[in-house]
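Working notes, beginning with the structure itself.
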Amino acid sequence: LHRYNIPALYSDPAWTRMRTDHLSTSNCGNQALSLFVFGPVVNDGFGLGYIIKRDCILVAVSHFHGRAAAFATLLEQTLSHLSQLFLHQVPLR
């Protein structure tokens, strides 16, 4: 077996924290679908399954402990604001 020196970065606690994906997403490009769910990959994370259509983005949010609806509401508000900024050129406040 070959022996390799493992860089210190990989033994730092920050590496483990950084590698914990609290938001995992996946896109399904099949235009025939109207729903696509993608699960979280950590206990307190969120999963977002989304489909990009010609005139909208369909998103399904999942969470193991019942916080999906609140996240979905905030995501919808954020995307609405972005839409206003980009499509209607609303000036920033």
Side-chain angles (χ1 to χ4, degrees):
L1 293 176
H2 296 287
R3 290 190 160 235
Y4 297 99
N5 291 330
I6 298 174
L9 167 72
Y10 299 114
S11 61
D12 190 296
W15 175 256
T16 302
R17 184 173 174 94
M18 184 179 76
R19 294 297 307 146
T20 302
D21 296 322
H22 291 281
L23 179 62
S24 56
T25 66
S26 186
N27 172 33
C28 182
N30 188 332
Q31 294 295 309
L33 294 176
S34 60
L35 181 65
F36 174 69
V37 179
F38 188 75
V41 296
V42 296
N43 185 45
D44 197 34
F46 292 91
L48 271 70
Y50 64 97
I51 303 170
I52 300 172
K53 299 277 189 174
R54 178 178 214 88
D55 59 346
C56 66
I57 300 173
L58 304 172
V59 181
V61 180
S62 59
H63 186 267
F64 291 127
H65 306 289
R67 293 175 44 207
F71 186 94
T73 297
L74 293 172
L75 178 63
E76 183 177 21
Q77 290 171 356
T78 301
L79 292 175
S80 177
H81 288 292
L82 288 172
S83 173
Q84 291 172 15
L85 285 172
F86 291 112
L87 297 178
H88 305 294
Q89 300 179 4
V90 174
L92 294 174
R93 295 180 200 170

Contact between S26 and F36 at the side-chain level, heavy atoms closer than 4.5 Å - yes or no? yes
Using side-chain heavy atoms (C-beta onward) and a distance below 4.5 Å, is F71 in contact with L48? yes
Closest non-hydrogen atoms of S24 and P40, given as atom of the first, atom of the second and distance, are OG-CA, 3.7 Å
Between CE on residue M18 and CG on residue L9, distance to nearest 0.5 Å: 6.5 Å
Let me check something: do L23 and V61 share a hydrophobic cluster, defined by ILVMFWY side-chain heavy atoms less than 4.5 Å apart, either directly or through other members? yes
Are L82 and L75 connected, step by step, through hydrophobic side chains (Ile, Leu, Val, Met, Phe, Trp, Tyr) whose heavy atoms are closer than 4.5 Å? yes
For residues 50-58, run the donor-acceptor check on the side chains, cut-off 3.5 Å, and write out each pair with its distance to 0.1 Å, sequence neighbours left out.
from: K53; atom 1: NZ; to: Q31; atom 2: O; distance (Å): 2.6
from: K53; atom 1: NZ; to: L33; atom 2: O; distance (Å): 2.9

With sequence neighbours left out, which residue pairs that include part of residues 59-76 fulfil the side chain to side chain donor-acceptor pair (under 3.5 Å) condition? N43-H65, D44-H63, D44-R67
Got a donor-acceptor contact below 3.5 angstrom from the S83 side chain to the L79 backbone? no
So which pairs with a foot in residues 18-33 pass salt bridge (Lys or Arg N to Asp or Glu O under 4.0 Å), sequence neighbours left out? none
